[in-house]
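Labels below follow one simple rule: chain letters A, B, ... track the order of the sequence lines, proteins then strands, and each chain is numbered from 1. Only this structure's heavy atoms are used, side chains among them; waters, hydrogens and symmetry mates stay out.
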Number of protein chains: 2
Amino acid sequence: MQADSTPADRAPTDRTPIELGDVLHDLDRTGHLPLYHQIATRLREAIADGTLPTGSRLENEVALAERIGVSRPTMRRAIQDLVDRGLLVRRRGVGTQVVGARVHRHLELSSLHEDLTRSGHATTTQVLRHELVPASPAVASQLGIAPGAPVLYIRRLRLSDGVPLAVLENHLPPGLSDITPEQLEEQGLYAILRNRGVSMRVARQTIGARAATRDEAPLLGIAAGAPVLTMTRVVFDDSGASVETGSHCYVPDLYTFEITLVER
Amino acid sequence: MQADSTPADRAPTDRTPIELGDVLHDLDRTGHLPLYHQIATRLREAIADGTLPTGSRLENEVALAERIGVSRPTMRRAIQDLVDRGLLVRRRGVGTQVVGARVHRHLELSSLHEDLTRSGHATTTQVLRHELVPASPAVASQLGIAPGAPVLYIRRLRLSDGVPLAVLENHLPPGLSDITPEQLEEQGLYAILRNRGVSMRVARQTIGARAATRDEAPLLGIAAGAPVLTMTRVVFDDSGASVETGSHCYVPDLYTFEITLVER
DNA sequence: CTTGCCAATATGTAATAACAAATACACGGA
DNA sequence: TCCGTGTATTTGTTATTACATATTGGCAAG
């Protein structure tokens, strides 16, 4: 059983590029939405609905740009967007290929997270705590404020169709500490922040695992000491100021994180 | 204690831009390395070593480009690179600001072995199993081969300074099944793949948590049922063919995943 | 028949130009 | 004094052009 040395002995990868004239017709030129964004969205949809099957090749970018009447940089930017998302792969001198709707779907099915949010499960929120507390040194450092300054501490239980999913703990800086429990029960923290004009731009997350505390276990309907998936996060806005810190723990059977990495 | 409504009442954010003439001088114009890449690297270093402190402002991109003698698109591309990494934030009509000096390891296409050796720990590897097995339906689907086809199954124990860190399970497609246990003990899977000319481009990862099995627990030096952090991964090369699948579990006290998200 | 080279192809890098849109600040009027 | 408006500043979007470089495959010479 001597294996040949070429890594790929499958995927004939049809050489003839897919026609995309019909997918990319009729762009909105009013300038309300960037052209590259419209093109990227259409391409993403074409991959999702099978118009661009896995392994198929795109026409070369110069011809594509010409065909739909945009410049090459604009076309490149749209394609690059999909490359960054891991949907396309490009090789100099070769061309651009679709890399995988099949596996993507498979992984998504194994994650209840996507299922829950997308397939319309009823998610509810219970606000367990909601109070002003002096910022601990750790929280103060993350929020970029002075230790001891008053911050709003929130603790919520998130349920999906009545099943406990996660315990969410957040700290909010002084400027945002007038958010009410009622708002949080119906809207979700991020919707509230966006409605207040806060533009969140950068988030730094750390994902880990630990045992559920005696405190969390009954809330989540699991045994104390059972594993939970944890995620801590600091979110920054436009001006580089931190807007929120969160420290959440999830029931691992019901929640996973999915990430696509691309080597550039 | 009425909070004012502006979200940021901290971070004076000095208005005068930082001089960068000295940081960006003397670029290599021979074309061996792209200009935008050199500029991005210099800027990243300047942020890391404090030349560009958190909250400081960059000179506007037109002036910067002029000063160092590159075009605005080139300068923009370099800056955008840092924005994508979450190190800079830009706002139209305002300017570009540094958002974080803290060195944070970006989640990238690298292996655990490389991460650890880079940070100066002595990592060792024990190959627990190494055998050809018929591909299960799940593995076959991930690797894009026929179920039952022979794949190389590897199970390794990774230690850092002698302390058990993770149990790594991998499946490799037929073209790569001639990797030896000896290679794996000294090199790490990713180094071997790269040396064989495999160019890994896209990875899809799922991160979760579960209880350690009775099998894993003694290997990792933890109790059966104790929480472990899990990561499953499928890696694709630049032709869209999958190169490797892995299913790993980590001791959560010793390993976490860090991710930076950027809203574009 | 094999090997090496060359040309065609496609993406990668870079410069230049012009206009659009968001923001901030200063100025002027009520 | 306060508020609104206009203007300067800065990034965002798009087009055009040119050349560089990696890859593939065919062709010719040995």
Side-chain angles (χ1 to χ4, degrees), chain A residues 6 8 13 15-18 27-41 57-84 88-97 197 199 201 237-240 263-264, chain B residues 6 8 13-18 27-41 57-84 88-97 197 199 201 237-240 262-264:
Chain A
T6 65
T13 62
R15 311 300 315 279
T16 63
I18 302 278
L27 298 169
D28 174 22
R29 300 278 179 163
T30 61
H32 296 307
L33 222 55
L35 279 175
Y36 69 86
H37 190 272
Q38 296 178 51
I39 298 170
T41 302
R57 290 183 36 152
L58 263 63
E59 214 173 339
N60 78 70
E61 64 185 26
V62 178
L64 263 181
E66 232 167 52
R67 178 191 304 275
I68 68 175
V70 300
S71 69
R72 187 177 162 214
T74 301
M75 195 66 215
R76 265 185 80 75
R77 183 158 179 186
I79 293 177
Q80 190 59 45
D81 193 276
L82 299 211
V83 172
D84 291 343
L88 296 179
V89 165
R90 335 184 66 186
R91 285 159 74 200
R92 189 192 296 197
V94 180
T96 306
Q97 267 190 348
S199 60
R201 284 288 264 276
D237 71 2
D238 276 355
S239 68
E263 186 83 15
R264 278 199 284 193
Chain B
T6 65
T13 62
D14 194 4
R15 312 301 314 280
T16 63
I18 301 279
L27 298 169
D28 174 22
R29 300 276 179 164
T30 60
H32 296 308
L33 221 56
L35 278 175
Y36 71 86
H37 189 272
Q38 296 178 52
I39 298 170
T41 302
R57 288 183 36 153
L58 262 65
E59 213 173 340
N60 79 69
E61 63 185 28
V62 179
L64 263 181
E66 231 166 54
R67 178 192 303 277
I68 67 176
V70 301
S71 67
R72 176 150 90 115
T74 300
M75 195 66 216
R76 266 184 81 74
R77 182 159 179 185
I79 292 176
Q80 190 60 44
D81 192 276
L82 300 212
V83 172
D84 291 343
L88 296 178
V89 166
R90 335 185 65 185
R91 283 159 74 201
R92 187 191 299 198
V94 181
T96 306
Q97 269 189 349
S199 60
R201 284 290 264 277
D237 70 5
D238 49 17
S239 75
V262 178
E263 188 83 15
R264 276 200 283 190

(message) Quick check: do Arg77(B) and Ile39(B) have side-chain heavy atoms less than 4.5 Å from each other?
(response) no
(message) Between Arg77(B) and dT13(C), is there a contact of a side-chain N or O with OP1 or OP2 at under 4.0 Å?
(response) yes
(request) Using a 4.0 Å heavy-atom cut-off across all strands, classify Arg72(A) as base, sugar-phosphate, or nothing. (result) base
(request) Using whole Å, report how far CG of Leu82(A) lies from P of dT11(C). (result) 14 Å
(request) Counting heavy atoms from C-beta on, name the nucleotide in dT11(D), dT16(D), dT11(C) closest to the side chain of Ser71(A). (result) dT16(D)
(message) Expressed as a whole number of angstroms, how long is the span from Leu33(B):CG to dG12(C):C1'?
(response) 13 Å
(request) Check whether any side-chain N or O of Gln38(A) sits under 3.5 Å from a backbone N or O of Asp28(A) as a donor-acceptor pair, and report yes or no. (result) yes
(request) Nearest-nucleotide wise, let me know which of Gly93(A) and Gly93(B) is further upstream toward the 5' end of DNA chain D. (result) Gly93(B)
(message) I need the CZ-P distance between Arg57(B) and dT23(C), as an integer number of Å.
(response) 14 Å
(request) Please tell me if the side chains of Arg90(A) and Arg76(A) come closer than 4.5 Å, counting only heavy atoms from C-beta onward. (result) yes
(request) Considering just the side-chain nitrogens and oxygens of Thr74(A), establish if one lies under 4.0 Å of OP1 or OP2 belonging to dT13(D). (result) no
(message) Would you say Tyr36(B) places a side-chain N or O within less than 4.0 Å of OP1 or OP2 belonging to dT13(C)?
(response) yes
(request) Mind calculating the distance between CZ (Arg201(A)) and C1' (dG12(D)) to the nearest angstrom? (result) 11 Å
(request) Mind calculating the distance between CD (Glu66(A)) and C1' (dT9(C)) to the nearest angstrom? (result) 15 Å
(message) Go nucleotide by nucleotide along DNA chain C from the 5' end; which of Met75(B) and Thr96(A) gets its closest nucleotide reached first?
(response) Thr96(A)
(message) Reading DNA chain D from 5' onward, which residue's closest nucleotide shows up sooner: Arg29(A) or His32(B)?
(response) Arg29(A)
(request) Can you tell me the distance, in whole Å, between the CZ atom of Arg90(A) and the C1' atom of dT13(C)? (result) 13 Å
(request) Assign Arg76(B) to base, sugar-phosphate, or nothing according to its heavy-atom contacts below 4.0 angstrom with the strands shown. (result) base
(request) To the nearest 0.5 Å, tell me how far Asp238(B) CG sits from Arg92(A) CZ. (result) 13.0 Å
(request) Search all heavy atoms of Arg29(B) against all heavy atoms of Leu35(B) and return the closest pair with its distance. (result) NH1-CD1, 3.7 Å
(request) Name the nucleic acid region contacted by Val70(B), choosing base, sugar-phosphate or nothing; use a 4.0 angstrom heavy-atom cut-off, strictly under. (result) sugar-phosphate
(message) Nearest whole Å is fine: how far is dT23(C) C1' from Glu61(B) CD?
(response) 15 Å
(request) Would you indicate what Pro34(B) reaches in the nucleic acid, counting non-hydrogen atoms under 4.0 angstrom: base, sugar-phosphate, or nothing? (result) sugar-phosphate
(message) Both Arg92(B) and Leu35(B) contact DNA chain C. Which one's nearest nucleotide lies toward the 5' end?
(response) Leu35(B)
(request) Return the value, rounded to whole Å, for the distance between atom CZ of Arg91(B) and atom P of dC25(C). (result) 11 Å
